[in-house]
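Shown next, in structure tokens, is the structure this report addresses.
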Amino acid sequence: MVLSKMVTVSFESKVWELCRKIPKGKLTTYKEIGKALHTKAYRAVGQALKKNKNTHATPCHRVVNSNGSLGGYYGKLNSIRKINLLEKEGIKVEKGRIANFKEKLFSYPC
DNA sequence: CGCTTGACACCGT
DNA sequence: AACGGTGCCAAGC
């Protein structure tokens, strides 16, 4: 078996972990994740979620933009899918925007 | 005063 | 070197 491939834990791995930490019915932003990692790589965070192979286990749909917009999720065309999932979690979405977004926003502990 | 749009800046793959 | 599932700021309406 080929192992010892990533001596360095990929940045994405951390992102996924943080993503899983998001409590149900809550939301988080790319920036919050970046902040939790003590980095400004908001874009890299999005990249990580996009590369996420455990989408089935990682609630990447709970991650939205800091401005309250959903963002993309598997292509902006499928953003509706994200909305549906969020609504199921109890998050209200208005025309691609989170209702009471700030109230649902979840920040990572120190 | 509040919302929307555009441009530029950051980081990692 | 270029591209993102972004963020923040400024200007316009």
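Any value given below was found using the heavy atoms of this structure, including those in side chains, with hydrogens, waters and symmetry copies removed. Just so it is clear: chains get the letters A, B, ... in the order the sequence lines come, proteins before strands, and each one is counted from 1.
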Rounded to the nearest 0.5 Å, what separates atom [atom1] in [X] from atom [atom2] in [Y]?
X: A:Asn100; Y: A:Lys92; atom1: CG; atom2: NZ; answer: 4.5 Å
X: A:Leu49; Y: A:Thr58; atom1: CG; atom2: OG1; answer: 8.0 Å
X: A:Ser66; Y: A:Lys102; atom1: OG; atom2: NZ; answer: 10.0 Å

Let me know the distance between [atom1] of [X] and [atom2] of [N], rounded to the nearest Å.
X: A:Tyr42; N: C:dC8; atom1: OH; atom2: C1'; value: 8 Å
X: A:His38; N: B:dC11; atom1: NE2; atom2: P; value: 12 Å
X: A:Arg97; N: B:dG2; atom1: CZ; atom2: P; value: 17 Å
X: A:Asn67; N: C:dT6; atom1: CG; atom2: C1'; value: 9 Å
X: A:Lys102; N: B:dG2; atom1: NZ; atom2: P; value: 12 Å
X: A:Phe101; N: B:dC3; atom1: CZ; atom2: P; value: 14 Å
X: A:Lys40; N: B:dA9; atom1: NZ; atom2: C1'; value: 9 Å

Next on the checklist: Does A:Arg43 contact C:dG4 through a side-chain donor or acceptor facing the base, at a distance under 3.5 Å?
Outcome noted: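 It does, because a donor-acceptor pair links the side chain of A:Arg43 to the base of C:dG4 below 3.5 Å.
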Checklist entry - For A:Tyr30, which contact category applies under a 4.0 Å heavy-atom criterion: base, sugar-phosphate, or nothing? => result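 Here A:Tyr30 touches the bases of the nucleic acid.
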Checklist entry - When we call it a touch if two heavy atoms are under 4.0 Å apart, what does A:Ala44 touch: a base, just sugar-phosphate, or nothing? => result base
Give a yes/no on whether any side-chain N or O of [X] is located under 4.0 angstrom from OP1 or OP2 of [N].
X: A:Lys50; N: C:dG5; result: yes
X: A:Asn65; N: C:dG7; result: yes
X: A:Lys31; N: C:dC8; result: yes

Item to check | Residue whose nearest DNA chain C nucleotide is more 5′ - A:Gln47 or A:Ser66 | outcome: A:Gln47
Item to check | A:Cys60 side chain, from C-beta outward: closest of B:dC10, B:dC11, C:dG5 | outcome: C:dG5
Next on the checklist: Any non-hydrogen side-chain atom of A:Tyr42 less than 4.5 Å from a side-chain atom of A:Ile33?
Outcome noted: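 Side chain of A:Tyr42 against side chain of A:Ile33, heavy atoms only: no contact under 4.5 Å found.
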Checklist entry - With a 4.5 Å heavy-atom cut-off, do A:Tyr108 and A:Ile22 have their side chains touching? => result yes
Checklist outcome for this item: Scanning all shown strands, the Watson-Crick or wobble mate of C:dA2 with both distances under 3.5 Å is B:dT13
